[in-house]
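For reference, the structure discussed in these notes is given below.
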2 protein chains.
Amino acid sequence: MSITIRKIAKDLQLAVSTVSKALSDSYEISAETKRRVLEYAEKLDYVPNLYASSLKQRKSHNIAVVVPEVADSFFSSAINGIESVAQTKGYHVIVYLTHEDLKKEEAILRDFRGGRVDGVLISVSGGAKRNSPIHDLSAKKFPLVFFDRACEEVEAAKVLTDDFESGYKATQHLIDRGCRKIAFLGTSEDLEIIDLRRMGYESALLSNKIKSKKKFILRCGNSEEENYSLIHKLLCRKDRPDGIVGSIEKLATLSYTLCYDLKLKISRDIKIVGFSSLPFASLLNPSLTTITQPAFEMGRTAATLLFNILENKKGEVPNQRIILPSSLMERSSTKK
Amino acid sequence: MSITIRKIAKDLQLAVSTVSKALSDSYEISAETKRRVLEYAEKLDYVPNLYASSLKQRKSHNIAVVVPEVADSFFSSAINGIESVAQTKGYHVIVYLTHEDLKKEEAILRDFRGGRVDGVLISVSGGAKRNSPIHDLSAKKFPLVFFDRACEEVEAAKVLTDDFESGYKATQHLIDRGCRKIAFLGTSEDLEIIDLRRMGYESALLSNKIKSKKKFILRCGNSEEENYSLIHKLLCRKDRPDGIVGSIEKLATLSYTLCYDLKLKISRDIKIVGFSSLPFASLLNPSLTTITQPAFEMGRTAATLLFNILENKKGEVPNQRIILPSSLMERSSTKK
DNA sequence: TTTATTTACGAAACCGTTTTCGTTCCCTTT
DNA sequence: AAAGGGAACGAAAACGGTTTCGTAAATAAA
C-alpha cells in the first residue's frame, strides 16, 4: 500500500485539501503548517500519484518524441536537443519508436489522444501521406510540432531544413568532382523530405544538362537485405554509376559496405555523399562527405516551439515554419 | 471537452458501468448491447482516458528503459530488442535518458515510484554506487531489471556479459598482435562493468608478465573536450602506448580522432580495440576490432525477464542473473 | 464598537474509469 | 408452485489527487 495524501492528513490531523495545498506551496497555508507537512511527507517518503493528479489537472507534464528509429545520428542528436529544453521546463520526454511503420505510428498517435502527453514532436515515418488524416486530426487535438519529416499539408508548426537545396548541393558537388552518372538512393514511400531531396538532385542534373535516368533512382525499403540487393544490382550494371547520393544515413553506410564487397574503390571508382549527422563520418574509410543537418539545434528549436504553444504565448505565430541551414561537409569520399 | 464513457452511457440510456464492461468485452454484457456501445464509441471516436483507468487499475501498461544515452550503438540496439518483446505484450516502452548524470537518474527513478511505469529496465549511469540506495529501494518497490550496467549489490534480475573476460580477451588480443604498452580507457566513475573490464585487462597483462602502469589507465569523464585532452596527453608521452582498449564506444572513436590529429597510423603505430556494437565498425578507417556485445539479444532477454516478473510466473527465479556471450571481432585496427 | 477584510484551514465535489454488489427478469428444476 | 440459478444490467463506492467554496478566527478599517 502506497502512502497517500490522505494518510498524511489523518496523521497530522489536517484536511486532505490542506495537505495538498501545503505540498504545492499554496499561499493559503501558513509557513508552519507547510513545514510540518513537508517534513512528514519527506519522512514517509511520500511520492504523489501521477495518475491522480494528471487526471484532475488534465495535464501530464510529458511530451512525446515520435521517431522512426533511434539508431540514426540525426534522431539521436535531435532527441538530445529536445531533452535539453524539456528539462528546463520541468517536462519529461518520452521517446516512441515507429520503426518506419505507419500502422504503429497511427496507433501511437491515437493513443496520445487519451491524454498521455501534453504535446508531440514528430518526425513521421515513411508512408505517411502528405496530408495524413491521423496527423491532421492529432494536430487539431493537441500541440504538435513536426521536425525534419513533416506532413506537408497538415497545419502545424514545422522545423525543417531546405531539403531541395541539400539535394541540389549534394548532386552539384558530385558533378563538380567529375561525376556524370549519379544515382539517388531514396526510400520507397513518399516522404516529403526525400521527395524534395530527389527533386533537388534532378534539378541539379538538369542545370548541368545531364539526363536523369529512372534506373538511377532507387526506392529502397525497410529491410537491410532488400536494400543490399537493390544497391548490389545498381552497382553491377554495365553503366554503373560514378556517384551516389544517399538520402538517408543508413543508405550511405550500406553503400560503403557494398563498395567494399564489390571491391569498388570509393572516390576513385565511385563517389558518395550521404545525409548524415554522424559525429564520426570523418572516421569512415574513406571519410564520408555529408550533408549535415543541425540535428541538435533542430530538436531544440522544435521543442521551444512546442513549449511556446503549450504556454500559449501570444504574439507567436501558431504554425510557424522554421528552416534551418544544413551544410555540405566535404571529405574524402568525393575527392577527385 | 473530450468524450467520456459517461456521455456514451447517457446517450445510449445505459449505466456507465454497463458501458465500461461492454468496452472491455465483459461476459456480463449481451452481444447486442456490446455492439451498440462499440458502434457508438467508434462513431464518436471515443478514446479512453489513460489516467483514469491507470489510477483505478493501478497499472500503467508502460515499462521504462533508462539509459545514459541513445547515441551509442549498444543502447540503441538494446532498446530495439526491448521494444520487440514489449510490443507482443501490449506494453509501451518509454525511454529515459540520464546523460550519465546520477542526479538525473535518481530523479527519474524517484518519479517512477509515483506509478508512472509498471517496471523498469535500466543500465545505470556512471557514478552509481555498487549498492546505490535509490536503486535498491526502487528494486524493492517495483520490478526492475538491470541490463549491461548493473549495481552489483542490489538484489534484482540482471542481464550481463562477462566483462572481465571481455577485457581479458581484448587485451590478450593486443598482446598477441605484439603490443606491450597497452592503455585502458575507462570512465571516471565506478561503474562495475568498467571495473571488470579493467580487471580483465590487468589480469591479461599479468598473465603475460607485463607490468600494468597506472599512467596507462585513464579515467575519462563525461565531456568530450576533457576526454580529448586526456587522451591527447596519453598519446604524446615519450613512452606512448602501442595499444588501446577503449572500454566505451565513444572512447574508441575518440581515440581514432586523436590518432588522426596526431598523425599516428592506427595498427602500425598503435592498435585499438573498442567495445562497440556499431553496425559499421567495419567501415571505419581502419576497420575497428571490437568486443561486440549481443545488444539486441540482451534487450530482448532483459525485457522477457521483466515480463516474467510482471506476470509473476512461478517456477521462475526472481533475481536471475543471465550472462550472454560477447565476441571479439577482429578487424584492421589491430592488424600486425 | 461595528464592519470589512484577510488569513488559514476544512468539507465536499470532481476528474473518468473500474469494480463490487445488488437487483431484476426469466428460465429451469423438482 | 416454489425454489434455485443464471443472464443482463445498474447504483455506488472506489482510485488519489485538485479545486472550489465555505467558515471561523484574527486583524484592519471605519
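Chain identifiers are assigned alphabetically (A, B, ...) following the order of the sequence lines, protein sequences preceding nucleic acid strands; residue numbering begins at 1 within each chain.
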*Between Lys158(B) and Glu152(B), is the closest basic N to carboxylate O distance under 4.0 Å?*
no
*If we ignore angles and hydrogens, is there a donor and acceptor under 3.5 Å between the side chains of Asn62(A) and Arg116(B)?*
yes
_Categorize Glu32(A) for me: base, sugar-phosphate, or nothing, with a 4.0 angstrom heavy-atom threshold over every strand shown._
nothing
_Using salt bridge (charged side-chain N to carboxylate O under 4.0 Å, His left out), reason through Glu39(B) and Lys34(B) one step at a time and then give a plain yes or no._
CA-CA 8 Å; Glu39(B) 232 166 48; Lys34(B) 279 181 191 168; over 6 Å; no
*Is a salt bridge present between Asp45(B) and Arg110(A), judged by a nitrogen-to-oxygen distance below 4.0 Å?*
yes
*Can you check the Arg36(A) CZ to dC9(C) P distance for me, whole Å?*
9 Å
*Rounded distance (Å) that lies between atom P of dG16(C) and atom CD of Gln57(A)*: 14 Å
*What is the ring orientation for His92(B) with Tyr96(A), classed by angle as parallel under 30°, tilted 30 to 60°, or perpendicular over 60°?*
perpendicular
*Would you please name every residue forming a salt bridge (Lys or Arg N to Asp or Glu O under 4.0 Å) with Glu155(A), sequence neighbours left out?*
none
*Should the pair Glu83(B)-Lys104(A) be classified as a salt bridge under the 4.0 Å nitrogen-to-oxygen rule?*
yes
*asked:* What is the separation between atom NE2 on His61(B) and atom P on dT17(C), rounded to the nearest whole Å?
replied: 15 Å
_Residue closer to the 5' end of DNA chain C, Leu14(A) versus Thr18(B) (nearest nucleotide)_ = Leu14(A)
*Under 4.0 Å between a side-chain N or O of Ser20(A) and OP1 or OP2 of dG17(D)?*
no
Please list each protein N or O that sits under 3.5 Å from an N or O in nucleotides 4-8 of chain D, with the distance.
none

_Rounded interatomic separation in angstrom, taking CG from Asn49(B) and P from dG17(D)_ = 17 Å
*How close or far is atom C1' of dG10(D) from atom CG of Leu12(B), stated in whole angstroms?*
15 Å
*asked:* Need the bend value for the helix from dT1(C)-dA30(D) to dT30(C)-dA1(D): angle between end axes, 5 pairs each end, nearest 10°.
replied: 50°
*If you take all heavy atoms of Ser84(B) and Arg300(B), which pair is closest and at what distance?*
OG-CG, 3.5 Å
*Tyr51(B) vs Lys21(B), nearer the 5' end of DNA chain C by closest nucleotide*: Tyr51(B)
*Test side chain to side chain donor-acceptor pair (under 3.5 Å) applied to Glu106(A) - qualifying residues, sequence neighbours left out*: none
*In whole angstroms, how far is the P atom of dT18(D) from the NZ atom of Lys59(A)?*
13 Å
*Specify the residue among Gln13(B) and Ala52(B) whose closest nucleotide of DNA chain D lies further upstream toward the 5′ end.*
Gln13(B)
*Rounding to a whole Å, what distance do you find between Leu50(A):CG and dC15(D):C1'?*
13 Å
*Once you round it to whole Å, what is the distance between P of dT17(C) and CG of Leu23(B)?*
9 Å
*Which pairs with one or both residues in residues 29-53 of chain A pass ring-ring contact (aromatic ring centres under 6.0 Å, His included), sequence neighbours excluded?*
Tyr51(A)-Tyr51(B)
_Nearest heavy-atom neighbours spanning Val95(A) and Val67(A)_ = CG1-CG2, 4.4 Å
*Indicate whether OP1 or OP2 belonging to dG16(D) is found under 4.0 Å from a side-chain N or O atom of Arg58(B).*
yes
List, with names and distances, any nitrogen or oxygen atoms from the protein found under 3.5 Å away from nitrogen or oxygen atoms belonging to nucleotides 12-14 of chain C.
unit_1, atom_1, unit_2, atom_2, d
dC14(C), O2, Lys56(A), NZ, 3.0

*Going by the angle between their ring planes, with limits at 30° and 60°, are Tyr91(B) and His61(B) parallel, tilted or perpendicular?*
tilted
